[in-house]
Amino acid sequence: MHHSQVAIIGGGLVGASLALALQEGARARGWKIVLIEPFAPGNSFQPSYDARSSALSFGSRQIYERHGLWQTIAQRAEPILQIHVSDRGRFGAAHLAALEEGVPALGYVVENAWLGQCLWQALDEDVVTWHCPAEVVGMQALEGGYRLTLNDETQLDCDLAVLADGGRSGLREQLGIGVRRTPYQQTALIANVSPLESHRGQAFERFTDDGPMALLPLPENRCALIWSRPGDDAERLARLDERRFLDELQATFGYRLGAFQQVGARHLYPLELVEAEEQVRSNLVVLGNAAHSLHPIAGQGYNLSLRDAQALAEALLASDRLPGDFATLQGYVQRQRLDQNLTVGFSDQVTRLFSNAEPLLAAGRNLGLLGLDLLPPAKRWFARQAMGLGTRPD
């Protein structure tokens with residue numbers, strides 16, 4: 001029977017980032033880490049117009065710098081130099097600029113395939129063992145750990161099992177961990193688009209009565225579009241031919257980047273806030289989207305999960321107990337609770353405030369955006385939230 005100190009179920013971006021954060025300390029302690037992932041990562045990065053991407057905050061850059069990976073990631077990371085926040089058809093607007101905040105960029109947009117490739121190649125096979133393609137189909141609690149059964153009937157024992165298998169985690173349900181679901185009555189349409197003019201590192205968040213829209217800068221002068229609409233309307237937009245879709249996008253966004261020239265494959269994702277009712281048990285941690293899945297418009301979800309992974313690694317490596325020790329895991333959750341509550345609350349309230357057509361709320365949020373641009377302390381707070389630095393001291 002193979003035994004490891006830490007088994008990470010899900011070798012995507014969050015799971016691989018946890019393995020990276022643990023790697024040096026695990027080597028020094030003689031720990032073995034297992035990554036179990038159903039989809040084999042590619043051997044090389046293949047650029048694609050339609051590549052899905054993630055917005056990394058400045059705080060996430062600092063985490064990857066700490067592990068010596070940022071220089072590699074940065075080769076295909078598009079910096080966000082400015083963020084323009086506005087309410088369609090109304091006067092309120094706010095502008096955030098990296099220069100004003102004293103940072104090289106407010107954040108970065110990175111293709112998921114590239115970020116994954118950088119992470120996987122940074123993992124040391126002497127410390128981190130892959131089981132891939134493989135899937136955990138059963139988990140049995142043991143004294144001091146878990147026994148994992150894979151879909152090829154292989155069994156693995158571990159001191160700590162980490163569920164990082166996504167927002168629709170079947171293992172979370174199998175273990176009886178409940179979730180709180182808050183539907184937003186919206187569906188996100190996600191696609192890459194090409195504008196005529198250079199995006200110059202600008203990100204746009206535009207709020208409409210039907211839902212928020214974000215346009216984030218990508219390499220090759222592409223932009224990542226996240227367009228939240230009521231479900232039926234999102235499906236209608238996904239079915240439109242390219243020209244009619246671009247016409248509707250243009251009518252909603254305007255001409256700040258000139259005329260839109262091209263749109264790639266369109267994908268639909270129903271939106272809801274999902275929060276696991278338990279994040280830790282003895283010898284068990286729920287991490288990433290399996291722990292909390294946020295509305296994508298504020299770009300906070302992956303960055304929060306990365307901070308969780310870093311905090312978990314630090315808690316495990318600072319303890320002189322086995323990785324599954326419940327007191328150690330409770331300490332991790334308590335440390336992260338404020339960050340999680342503030343980030344989830346910030347994302348949720350921004351989404352609700354800017355998806356409401358009620359006239360008094362619309363007037364109030366416009367005054368709020370105008371005030372945000374005029375009041376340096378408020379603007380500073382908003383910028384720090386956007387950069388993933390909201391709970392950290394200056």
Side-chain angles (χ1 to χ4, degrees), residues 1-41 116 119-120 122-177 276 278-291 305-306 308-317 319 321-330 332-333:
M1 180 73 66
H2 179 80
H3 180 270
S4 64
Q5 280 67 42
V6 181
I8 303 171
I9 304 168
L13 301 183
V14 174
S17 292
L18 174 62
L20 179 68
L22 284 170
Q23 184 166 261
E24 288 303 316
R27 183 185 292 109
R29 289 163 173 75
W31 290 0
K32 294 299 181 183
I33 300 170
V34 171
L35 266 174
I36 305 165
E37 168 59 34
F39 303 105
L119 284 163
W120 299 322
L123 297 178
D124 183 349
E125 61 184 15
D126 290 335
V127 181
V128 181
T129 301
W130 283 89
H131 285 266
C132 180
E135 186 175 355
V136 177
V137 295
M139 297 180 64
Q140 177 187 356
L142 305 174
E143 183 68 32
Y146 274 87
R147 176 162 294 165
L148 311 180
T149 301
L150 308 188
N151 54 347
D152 63 359
E153 299 185 357
T154 300
Q155 291 189 321
L156 310 172
D157 286 357
C158 60
D159 298 330
L160 173 64
V162 179
L163 292 189
D165 55 343
R168 298 178 182 178
S169 171
L171 292 173
R172 182 185 60 195
E173 182 177 350
Q174 185 184 121
L175 292 169
I177 297 174
E278 299 174 75
Q279 291 189 39
V280 298
R281 291 178 178 176
S282 291
N283 312 105
L284 179 72
V285 174
V286 184
L287 195 68
N289 282 345
S305 294
L306 181 58
D308 286 347
Q310 179 64 30
L312 174 60
E314 290 174 359
L316 295 176
L317 296 174
S319 174
R321 301 181 182 183
L322 290 174
D325 175 67
F326 186 50
T328 301
L329 301 181
Q330 280 184 313
Y332 147 71
V333 168

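Note: hydrogens, waters and symmetry copies are ignored here, and every other heavy atom, side chains too, is used. None of these values were measured; they are calculated from a predicted model.
Atom SG of residue Cys132 and atom CD1 of residue Ile36 lie 10.5 Å apart, to the nearest 0.5 angstrom. To the nearest 0.5 angstrom, Leu175 atom CG is 6.5 Å from Leu171 atom CG. Note that the OH atom of Tyr332 and the CG atom of Leu287 stand 5.0 Å from one another [nearest 0.5 Å]. Atom CG of Leu163 is separated from atom CD of Gln174 by 9.5 Å, given to the nearest 0.5 angstrom. Annotation: the span from Arg168 atom CZ to Glu173 atom CD amounts to 12.5 Å, rounded to 0.5 Å. Glu135 contributes atom CD, which lies 12.5 Å from atom OG1 of Thr149 (distance to the nearest 0.5 angstrom).
Asp165 approaches Ala290 most closely through the heavy-atom pair OD1-CB, 4.1 Å. Between Leu20 and Ala122, the shortest heavy-atom distance links the atoms CD1-CB, 4.0 Å. Here the shortest heavy-atom pairing between Leu317 and Ala21 reads CD1-O, 4.0 Å. Residues Ser319 and Thr328 share a closest heavy-atom pair of OG-OG1, 3.2 Å. Across all their heavy atoms, Leu316 and Pro323 have their closest contact at CD2-O, 3.2 Å.
Partner of Leu160 under the side-chain contact (heavy atoms from CB on, under 4.5 Å) criterion, chosen from Leu322, Val285, Ile33, Val280: Val285.
Checked against side-chain hydrogen bond (donor to acceptor under 3.5 Å, both in side chains), Asp159 has the following partners two or more places apart in sequence or in another chain: His3. For Arg172, there are no salt bridge (Lys or Arg N to Asp or Glu O under 4.0 Å) partners, not counting sequence neighbours.
Judged by distance alone, the side chain of Glu125 and the main-chain N or O of Trp130 form no donor-acceptor pair under 3.5 Å. Side-chain N or O atoms of Gln23 include one that pairs as donor or acceptor with a backbone N or O of Asp124 at under 3.5 Å.
One finds no salt bridge joining Asp126 and Arg27 here, because no Lys/Arg side-chain nitrogen approaches an Asp/Glu carboxylate oxygen to under 4.0 Å.
A 4.5 Å side-chain heavy-atom check between Gln155 and Leu148 finds every atom pair outside the cut-off. Taking 4.5 Å as the limit, some side-chain heavy atom of Leu284 sits within range of a side-chain heavy atom of Tyr146. No side-chain heavy atom of Leu329 sits under 4.5 Å from any side-chain heavy atom of Arg281. Side-chain contact between Pro133 and Pro38 is absent, with no heavy atoms from C-beta onward closer than 4.5 Å. For the pair Val137 and Leu150, the minimum side-chain heavy-atom distance is 4.5 Å or more. Looking only at side-chain heavy atoms (C-beta outward), Lys32 and Val128 stay at 4.5 Å or farther from each other.
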Would you list the atom pairs, donor with acceptor, under 3.5 Å between side chains in residues 6-19 and any protein atom, with sequence neighbours excluded?
residue : atom : partner : partner atom : Å
Ser17   : OG   : Leu13   : O            : 2.7
Ser17   : OG   : Tyr64   : OH           : 2.8
Ser17   : OG   : Tyr302  : OH           : 3.3

Q) Stepwise, does the side-chain contact (heavy atoms from CB on, under 4.5 Å) test hold for His131 with Asp152? A) CA-CA 11 Å; His131 285 266; Asp152 63 359; over 6 Å; no

